[in-house]
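One structure below.
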2 protein chains.
Amino acid sequence: MLHVNTRQAILPHPVTVHIGLKPVETVKSFVNFIAPGEDLGVSETSPRLYRVVDGCLAVYHLLADGRRQITDIIGPGRAIAQQPAHDGNRSIKALTYTEVEVLDPAANPALAAETALEALMRLTRHATLLGRMNAAEKVANGLLDLAEQFPRKLRQGRPVLTLYLTRSDLADWLGLTIETVSRTLNQFKRDGVIDYAHAEIVTLTRPERLKEIASGNNPTTSARSSKGKAA
Amino acid sequence: MLHVNTRQAILPHPVTVHIGLKPVETVKSFVNFIAPGEDLGVSETSPRLYRVVDGCLAVYHLLADGRRQITDIIGPGRAIAQQPAHDGNRSIKALTYTEVEVLDPAANPALAAETALEALMRLTRHATLLGRMNAAEKVANGLLDLAEQFPRKLRQGRPVLTLYLTRSDLADWLGLTIETVSRTLNQFKRDGVIDYAHAEIVTLTRPERLKEIASGNNPTTSARSSKGKAA
DNA sequence: CGCAGTCTTGAGTGAGTTCAATCCCTGTGG
DNA sequence: CCACAGGGATTGAACTCACTCAAGACTGCG
């Protein structure tokens with residue numbers, strides 16, 4: 001139901017790009033531009049490998065009654081595999097104007113394998129976040145992840161990130177409600193841990209403190225962990 | 001710290017086993033027996049592919065302070081890939097005496113690919129469970145999963161399952177506390193949805209009701225869903 | 001300038017946690 | 001054969017974190 005302005009362009013190939021630390025050679029790529037809210041590859045017939053050049057993708061899973069869980073957020077440099085058969089209600093959509101490189105997994109087996117492995121590792125860590133962390137820990141971890149994936153120029157030596165996610169996206173990613181996300185972010189702001197004026201540009205004013213909160217070390221809210229009682 | 005009685009046996013090969021619906025041919029397999037509590041392949045140097053012949057494995061992830069999240073439970077017929085470098089605190093342990101077939105992923109690329117794909121799909125659904133479901137829905141979904149993976153002979157036409165998980169395992173799998181798991185199971189028992197006497201053998205006395213609860217249709221507890229407000 | 005979408009903030013509530021006591025079962029040793 | 005110990009499971013009572021409901025503020029847009 002949204003403005004569909006997907007354009008395509010043939011690129012010179014092969015192309016070499018960096019994922020993680022290893023340069024990965026790719027072949028037969030072309031480029032797609034996706035508008036915010038638009039879905040990725042819903043009508044594909046063959047498995048596809050996508051790599052984000054610029055922008056932000058959200059992988060999500062829907063329940064019959066409309067509940068949504070975003071299982072991963074994908075930024076520039078990272079890749080994602082999309083199965084043809086719309087694998088089990090899993091979809092991918094763009095959270096901003098996003099440029100993706102479309103690749104053939106058969107022609108890029110190394111990237112395909114690495115992509116699957118990274119997805120699994122990230123999702124494992126995210127499952128732990130969802131099942132075993134409280135709101136502050138969830139939001140702190142989310143912010144640190146996004147700061148790595150969507151870095152802007154440092155401001156007075158502090159990391160700055162572009163926040164493509166709305167409060168609703170953050171909530172569906174972190175397993176919270178929008179109100180709790182809003183309250184937690186504003187609490188962090190009041191505590192001087194982060195700062196933002198325009199809501200889509202966030203500065204980590206005390207990144208080391210944020211890391212402490214993310215790992216459960218919370219001196220102020222003394223020893224309030226959650227369910228998983230430390231052994 | 002536990003009794004280590006891991007034995008190995010060379011098997012005739014190739015061997016054909018069924019995973020899902022497709023028969024998958026494997027080569028150069030041998031068999032490992034793992035005792036309950038024992039870890040799987042902690043000291044491996046090369047990537048390994050394991051397939052459970054009999055028993056039950058738990059894939060889990062630990063936080064620095066001891067909190068634990070079990071990300072998957074693996075029963076007979078299912079496979080799992082273990083990376084050499086102890087991938088990011090992810091470990092695998094046996095919940096009962098378990099017989100696994102050890103395979104070389106390079107020699108079984110089809111199984112390796114399918115294994116990764118299945119792991120990702122299951123973990124995606126589990127993330128949704130962890131982030132967006134209430135206790136009753138979590139436990140109902142968990143039971144239905146286990147009933148498929150660990151079936152026993154039907155009792156009066158009803159599915160029966162072997163429950164290898166303790167309350168503590170269930171809690172760490174479903175993102176709850178042992179008390180909530182216990183209360184929910186006993187509530188199901190009181191409602192006549194499930195039945196058990198010996199705690200490791202559970203009968204689904206009303207499987208269709210359990211499926212309703214699992215999918216959020218809860219007429220009795222009328223319309224008490226959770227955070228993810230139905231769109 | 002008004003509308004719609006997003007975000008914030010407050011007040012009240014409740015699902016699930018924490019804490020704690022008890023029970024149950026099995027294995028062990030006198 | 002029975003007493004005791006220990007791990008797991010159950011149950012109750014109290015609490016609390018995050019949710020629900022609701023109102024208001026902010027922003028961009030037609």
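Reminder, nothing fancy here: chain letters follow the sequence lines and each chain counts from 1.
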Check each of A:Leu57, A:Ile80, A:Ile34 against A:Val52 using the side chain to side chain contact (heavy atoms under 4.5 Å, CB included) test, and report the only one that passes. A:Leu57
Strictly under 3.5 Å: I want the nitrogen or oxygen pairs between protein and nucleotides 5-7 of chain D, one per line.
none

Atom CG of B:Leu174 and atom C1' of C:dT17: how far apart are they, to the nearest Å? 16 Å
B:Glu148, CD: over 12 other non-hydrogen atoms inside 6.0 angstrom: no
Find the distance B:Leu176:CG to C:dA15:C1' and express it as a whole number of Å. 11 Å
Between atom CD1 in B:Ile213 and atom C1' in C:dA15, what is the gap in whole Å? 16 Å
Which residues share a salt bridge (Lys or Arg N to Asp or Glu O under 4.0 Å) with B:Asp195, sequence neighbours left out: B:Arg155
Tell me, please, which residues at least two apart from A:Asp72 pass salt bridge (Lys or Arg N to Asp or Glu O under 4.0 Å). A:Arg78, A:Arg122
Closest nucleotide among C:dG16, D:dT20, C:dT18 to the B:Ala135 side chain: C:dG16
Residue pairs, two or more places apart or on separate chains, that pass ring-ring contact (aromatic ring centres under 6.0 Å, His included) and touch residues 132-153 of chain B: B:Phe150-B:Tyr164
Compare side-chain N and O positions of A:Thr177 against OP1 and OP2 of D:dA18 and report whether any pair is under 4.0 Å apart. no
Residues forming a salt bridge (Lys or Arg N to Asp or Glu O under 4.0 Å) with A:Arg158, sequence neighbours excluded: none
Partners passing side chain to side chain contact (heavy atoms under 4.5 Å, CB included) against A:Ala171 (at least two apart in sequence or in another chain): A:Ile178, A:Val181, B:Arg132
Which residues share a side-chain hydrogen bond (donor to acceptor under 3.5 Å, both in side chains) with A:Thr128, sequence neighbours left out: B:His61
Starting at the 5' end of nucleotides 25-30 of chain D, put B wherever the base has a protein heavy atom under 4.0 Å, S where only the sugar-phosphate does, and a dash everywhere else. ------
Mind checking side chain to side chain contact (heavy atoms under 4.5 Å, CB included) for A:Leu120 and listing every partner two or more places apart, or none if nothing turns up? B:Ala119, B:Leu120, B:Leu123
Which residue pairs satisfy the ring-ring contact (aromatic ring centres under 6.0 Å, His included) criterion with at least one member in residues 167-204 of chain A, sequence neighbours excluded? A:His126-A:Trp173
Round to a whole Å and report the spacing from CG of B:Leu170 to P of C:dT17. 13 Å
Restricting to side chain to side chain contact (heavy atoms under 4.5 Å, CB included), what partner residues turn up for A:Ile201, sequence neighbours left out? A:Arg152, A:Val160
What is the per-nucleotide protein-contact pattern of nucleotides 4-10 of chain C, from the 5' end, where B denotes a base atom under 4.0 Å from a protein heavy atom, S denotes such proximity for sugar-phosphate atoms only, and - denotes neither? ---SBBB
Spacing of A:Gln187 atom CD relative to D:dA18 atom C1', expressed in whole Å: 14 Å
